[in-house]
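Positions are given from 1 along the sequence.
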Amino acid sequence: MNWYITVLKKYAVFSGRARRSEYWFFVLFNIIVSFVLGFIDGFVGLGDPAAGVGLLSTVYALAVLIPSIAVGVRRLHDTNRSGWWLLISLIPLIGAIVLIVFFVLDSQPGENRFGPNPKGM
């Protein structure tokens, strides 16, 4: 939960670096919250089952859109890549696979052009 709060506190901070744990715990928490909100949308009737969207899920997705992009950029910075690499996700399937590989890679040891190593090494 701390990683999630940390990312939200850095709501639109696109500079610096983010550890793997910060990124992946944020993603995990987002998946859990989205699933629960989707269930609530369906149970209460706030969604459109044909379209697969619900009111609560949509509001939550819009609320965490900028923090999600920001933590993704910081995670790419940690692997010494520009945040512009996020645009590769626009390429169907291959872009997502490439980004997952980048997000799973370990931090670049020491300081890089985006700042000091968040691991403190």
Side-chain angles (χ1 to χ4, degrees):
M1 185 73 171
N2 283 339
W3 293 114
Y4 184 78
I5 300 298
T6 301
V7 171
L8 292 181
K9 284 181 181 177
K10 298 177 182 178
Y11 188 84
V13 177
F14 293 90
S15 60
R17 296 167 67 171
R19 296 176 68 171
R20 276 187 296 193
S21 55
E22 179 180 348
Y23 178 79
W24 287 111
F25 279 120
F26 181 75
V27 169
L28 175 66
F29 194 79
N30 274 337
I31 290 170
I32 293 169
V33 169
S34 297
F35 180 75
V36 169
L37 290 176
F39 180 75
I40 293 171
D41 281 337
F43 188 72
V44 176
L46 295 174
D48 181 10
V53 295
L55 178 65
L56 296 177
S57 300
T58 302
V59 169
Y60 178 74
L62 289 174
V64 296
L65 178 64
I66 293 175
S68 298
I69 294 170
V71 75
V73 167
R74 290 194 313 270
R75 180 69 202 125
L76 287 168
H77 286 175
D78 196 39
T79 60
N80 203 23
R81 288 178 178 78
S82 169
W84 290 104
W85 273 101
L86 274 181
L87 294 177
I88 201 169
S89 65
L90 297 174
I91 301 171
L93 188 63
I94 295 171
I97 293 170
V98 169
L99 274 181
I100 288 172
V101 169
F102 287 166
F103 291 150
V104 169
L105 291 175
D106 197 11
S107 304
Q108 182 189 28
E111 189 169 325
N112 68 16
R113 61 189 168 144
F114 300 105
N117 191 335
K119 291 182 180 179
M121 294 180 181

Flag, side chain of Asn80 to backbone of Asn112, donor-acceptor distance under 3.5 Å: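 Checking the backbone N and O of Asn112 against the side chain of Asn80, no donor-acceptor pair under 3.5 Å is found.
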Is the backbone N or O of Pro109 less than 3.5 Å from a side-chain atom of Ser107, with the two atoms forming a donor-acceptor pair by type?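 Looks like no, no N/O pair under 3.5 Å.
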Within a reach of under 6.0 Å around [atom1] of [X], are more than 12 heavy atoms found that belong to other residues, nucleotides or ligands?
{"X": "Phe103", "atom1": "CZ", "answer": "yes"}
{"X": "Leu90", "atom1": "CG", "answer": "yes"}
{"X": "Trp85", "atom1": "CH2", "answer": "no"}

Approximate separation, where rounding is to 0.5 Å, of [X] [atom1] and [Y] [atom2]:
{"X": "Ser34", "Y": "Leu56", "atom1": "OG", "atom2": "CG", "result": "11.0 Å"}
{"X": "Arg75", "Y": "Glu22", "atom1": "CZ", "atom2": "CD", "result": "9.5 Å"}
{"X": "Leu46", "Y": "Ile40", "atom1": "CG", "atom2": "CD1", "result": "9.0 Å"}
{"X": "Leu62", "Y": "Thr58", "atom1": "CG", "atom2": "OG1", "result": "7.0 Å"}
{"X": "Leu55", "Y": "Leu37", "atom1": "CG", "atom2": "CG", "result": "10.0 Å"}

State, with a plain yes or no, whether a side-chain heavy atom of Arg17 is found less than 4.5 Å away from one of Gln108.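 Touching, per the 4.5 Å side-chain cut-off.
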4.5 Å side-chain heavy-atom contact, Trp24 and Trp3: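 SC-SC contact between Trp24 and Trp3 ruled out.
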Considering all heavy atoms of both residues, which atom of [X] and which atom of [Y] are nearest to each other, and what is their separation?
{"X": "Ala18", "Y": "Pro118", "result": "C-CG, 4.4 Å"}
{"X": "Ala63", "Y": "Pro67", "result": "O-CD, 3.7 Å"}
{"X": "Phe102", "Y": "Thr79", "result": "O-CG2, 3.5 Å"}
{"X": "Gly110", "Y": "Asn117", "result": "O-CB, 3.4 Å"}

Modelled atom types, side-chain donor and acceptor of Asp78 and Tyr23, under 3.5 Å: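 No donor-acceptor contact under 3.5 Å links the two side chains.
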Using a strict cut-off of less than 4.0 Å between a Lys/Arg side-chain nitrogen and an Asp/Glu carboxylate oxygen, indicate whether Arg19 and Asp106 qualify as a salt bridge.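 Salt bridge flag = no for Asp106 with Arg19.
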Against the six-membered ring of Phe14, is Arg74 placed for a cation-pi contact (under 6.0 Å from the centre, within 45° of the normal)?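 No cation-pi geometry.
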Excluding sequence neighbours, so at least two apart, what forms ring-ring contact (aromatic ring centres under 6.0 Å, His included) with Tyr11?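 Checked Tyr11 against ring-ring contact (aromatic ring centres under 6.0 Å, His included); zero matches.
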Ring-plane angle category for Phe26 and Tyr4, please: parallel below 30°, perpendicular beyond 60°, tilted otherwise.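 Geometry flag for Tyr4 against Phe26: parallel rings.
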